[in-house]
Amino acid sequence: MGAIYTNVIIRNPADRNRRWEGRFLVDTGAMESLVPAPCLEAIGLKPMRQRVYELADDSEIEMGIAPGV
């Protein structure tokens with residue numbers, strides 16, 4: 001079986017007319033999705049807080065979290 005993709009639209013909850021659309025690789029085990037910061041900033045979303053993520057190589061990276069719908 002090959003990789004499965006889907007098109008996703010992220011909207012700014014404060015102004016639902018501002019949106020970003022992208023193609024995502026489907027990961028049925030994922031709890032969150034990552035969108036490049038410049039794409040979110042373009043629709044007016046700014047990080048509300050920071051979160052630390054552990055990567056597959058056991059290193060950690062801190063990233064901003066922003067809500068979208």
Side-chain angles (χ1 to χ4, degrees):
M1 179 180 219
I4 299 174
Y5 292 86
T6 189
N7 290 330
V8 174
I9 297 172
I10 306 292
R11 295 183 190 275
N12 182 328
D15 181 356
R16 294 178 64 89
N17 291 321
R18 295 182 75 178
R19 65 185 217 147
W20 174 83
E21 186 170 348
R23 190 169 181 217
F24 279 57
L25 174 64
V26 174
D27 179 352
T28 58
M31 299 298 290
E32 299 174 347
S33 296
L34 302 177
V35 178
C39 299
L40 297 179
E41 290 166 0
I43 63 170
L45 292 177
K46 295 184 171 112
M48 296 179 67
R49 60 188 168 121
Q50 299 291 313
R51 181 175 291 168
V52 176
Y53 292 92
E54 184 177 339
L55 303 180
D57 65 0
D58 290 327
S59 65
E60 293 183 343
I61 185 171
E62 186 174 37
M63 302 177 90
I65 306 282
V69 292

* **Verify same cluster id: L55, I65 (apolar side-chain graph, 4.5 Å)** => yes
Determine all donor-acceptor pairs shorter than 3.5 Å in which one atom belongs to a side chain in residues 22-36; sequence neighbours excluded.
residue : atom : partner : partner atom : Å
D27     : OD1  : G29     : N            : 3.0
E32     : OE1  : R51     : NH1          : 3.4
E32     : OE1  : Y53     : OH           : 2.5
E32     : OE2  : R51     : NH1          : 2.1

* Do you know the tightest heavy-atom contact between A66 and K46? -> CB-O, 3.6 Å
* Asked: With sequence neighbours excluded, what pairs up with E62 under the side-chain contact (heavy atoms from CB on, under 4.5 Å) test?
  -> Q50, V52
* Any side-chain heavy-atom pair of P13 and L45 under 4.5 Å -> yes
With a 3.5 Å cut-off and sequence neighbours excluded, list the donor-acceptor pairs that the side chains of residues 1-8 form with protein atoms.
none

* **Interatomic distance, N17 atom CG to I43 atom CD1 [nearest 0.5 angstrom]** => 11.5 Å
* Asked: With sequence neighbours left out, what residues match E21 under salt bridge (charged side-chain N to carboxylate O under 4.0 Å, His left out)?
  -> R19
